[in-house]
Amino acid sequence: VNDDRRMDLGPLDPERDVARLDRAARAVAMRVAPLLAARRERPADAWGLLESWRRPVLAAAALVAVASLVTIVRVPKTVSRATGDARVSAIPQAASPTSAAAGSASAGATASAPAEPGPSTDTGRASLSLSEAAGIPAAYASWVESGAPPAPSHTFDVGGQP
Amino acid sequence: VGDPLPEPRDAELVAAVRRGDSRAADVLVRRHFRSSYAVALALLGNAMDAEDTCQDAFVKAIERIADCRKPDRFVYWLHQIVRNRAHNAREHRRVRSGPSLDDVDVAGSTDASRQAELGDLGERMLAALGELSPEQRQVLLLKDLEDWDHRAIAGSLGISEGMSRQHLFNARRRMRERLEGMAPEDGRA
């Protein structure tokens with residue numbers, strides 16, 4: 001497919017009417033003048049800022065949405081794989097309405113008695129699950145939750161485990 | 001027109017128009033009027049309608065300049081607006097039962113103003129263009145009237161360069177056949 005013989009379309013050339021381009025340019029200028037004047041009066045920085053941030057913000061929002069979906073899909077599978085039956089059976093006890101009611105009824109006693117099942121234990125379970133979801137071994141998860149560094153003896157003990 | 005591909009300056013002009021720079025708008029109009037006119041003429045087959053459509057398209061483009069996502073390819077975006085406006089103009093004209101390029105009959109062309117403006121040869125060319133597909137008309141006019149290269153034509157029409165070459169080959173062949181068939185000595189002009 002190669003026809004190099006150019007056709008002379010001169011009779012259709014728009015500049016046969018020498019005034020056509022000027023006429024069109026003037027007509028367009030008149031019609032858009034109010035719009036352009038309004039743009040000049042608008043704070044340029046605000047518009048430029050919005051324009052420059054529109055696409056990055058949309059991209060970041062899309063990234064967050066994808067990351068959220070991946071997390072939502074992945075967490076239940078990881079938790080069910082990492083936690084044993086004993087822990088799963090313990091969760092309803094800690095989160096049961098009766099336990100919560102008992103805990104709120106004896107608020108003073110709960111405050112002075114740590115390690116009682118109740119709302120605080122429930123919070124710990126959620127953190128533990130997220131730690132495991134992030135791939136942290138169960139043996140280290142409690143240290144991650146507490147924020148306290150493990151003692152060297154603990155590290156060696158855990159490291160020696162199969 | 002040397003290199004018809006969009007230059008970086010188009011992006012600067014678009015940015016200036018967004019800020020309300022009327023001189024930048026004027027430069028854009030003058031720079032891209034010819035190719036826009038070629039697209040409009042290819043679709044409408046009438047010089048006056050093509051000019052009106054181009055003006056409308058430029059106004060629309062400046063109004064919606066914030067929607068131009070690739071300012072360095074402003075001219076392709078503008079051509080799409082021209083096509084949309086030309087389509088609307090054709091529909092409007094069809095409703096009014098006026099002639100469209102597809103209906104052009106060289107023997108039935110009686111518009112005195114068009115005859116005066118384009119001349120006999122121009123009228124015969126428009127009639128021959130009416131035998132082509134819209135894509136072939138646009139490729140032919142952008143190539144042989146505006147001297148665009150196939151890469152730019154393909155970018156404007158959203159087709160491959162190979163398809164652009166194919167359209168050009170077929171358009172030139174059919175135009176020559178048609179123009180030879182309606183030569184003045186045949187008594188048809």
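Sequence lines set the chain letters: A, B, ... in the order given, protein chains first and strands last, and positions in each chain run from 1.
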Practice item. Determine the minimum heavy-atom distance between B:Ala47 and A:Arg20, stating which atoms define it. Key: CB-NH2, 3.7 Å
**Study point:** Those residues that, when tested against B:Val59, pass side-chain contact (heavy atoms from CB on, under 4.5 Å) (two or more places apart)
**Key:** A:Val28, A:Arg31, A:Val32, B:Glu63
Check your understanding: Could you state the interatomic distance from CG (B:Leu121) to CG (A:Leu9), rounded to the nearest 0.5 Å?
Key -> 9.0 Å
Revision key, fill the gap. All heavy atoms of A:Leu36 vs all of B:Ala25, minimum pair found to be CD1-CB, 4.0 Å
Practice item. Enter the distance from B:Gln55:CD to A:Arg26:CZ here, rounded to the nearest 0.5 Å. Key: 10.0 Å
**Study point:** Worked verdict on B:Ile62 versus A:Arg39 for side chain to side chain contact (heavy atoms under 4.5 Å, CB included)
**Key:** CA-CA 11 Å; B:Ile62 291 169; A:Arg39 283 183 191 165; 4.3 Å; yes
Point to revise | Contact summary for A:Pro14 and B:Glu146, nearest pair of heavy atoms | key: CD-OE2, 4.5 Å
Review point. Any salt bridge between A:Asp22 and B:Arg30, counting N to O under 4.0 Å?
Key: yes
**Study point:** Verdict with supporting geometry, B:Arg19 and A:Arg40, side chain to side chain contact (heavy atoms under 4.5 Å, CB included)
**Key:** CA-CA 6 Å; B:Arg19 295 191 298 268; A:Arg40 284 194 296 273; over 6 Å; no
Point to revise | Student check: side-chain heavy atoms of B:Met125 and A:Met7 closer than 4.5 Å | key: no
Exercise for review: Examine whether an atom of A:Arg55 lies under 4.5 Å from a heavy atom of chain B, and if so say whether it belongs to the side chain, the backbone or both; otherwise answer neither.
Suggested key: side chain
Practice item. Could you grab the distance from atom CZ of B:Arg34 to atom CG of A:Asp13, nearest 0.5 Å is fine? Key: 4.0 Å
Exercise for review: Against chain A, label B:Asp56 side chain, backbone, both or neither, depending on which of its atoms sit under 4.5 Å from a heavy atom there.
Suggested key: both
Point to revise | Within 6.0 Å of CZ in A:Arg23, more than 12 heavy atoms from elsewhere | key: yes
Check your understanding: Do B:Asp147 and A:Arg6 pass the side chain to side chain contact (heavy atoms under 4.5 Å, CB included) test, and can you show the C-alpha distance, the side-chain angles, and the key distance before you say yes or no?
Key -> CA-CA 10 Å; B:Asp147 200 23; A:Arg6 178 178 177 165; 3.6 Å; yes
Point to revise | Gap between atom CG of A:Leu35 and atom OG of B:Ser22 - 0.5 Å precision | key: 11.5 Å
Review point. What part of A:Ala24 lies closer than 4.5 angstrom to a heavy atom of chain B: side chain, backbone, both or neither?
Key: both
Exercise for review: Check whether B:Leu28 gets within reach of chain A through its side chain, its backbone, both or neither, counting any heavy atom under 4.5 Å.
Suggested key: neither
Review point. Any side-chain heavy-atom pair from A:Leu12 and B:Leu41 closer than 4.5 angstrom?
Key: yes
Practice item. Please name all residues satisfying salt bridge (Lys or Arg N to Asp or Glu O under 4.0 Å) with B:Asp144, sequence neighbours left out, ordered by chain then number. Key: B:Arg172
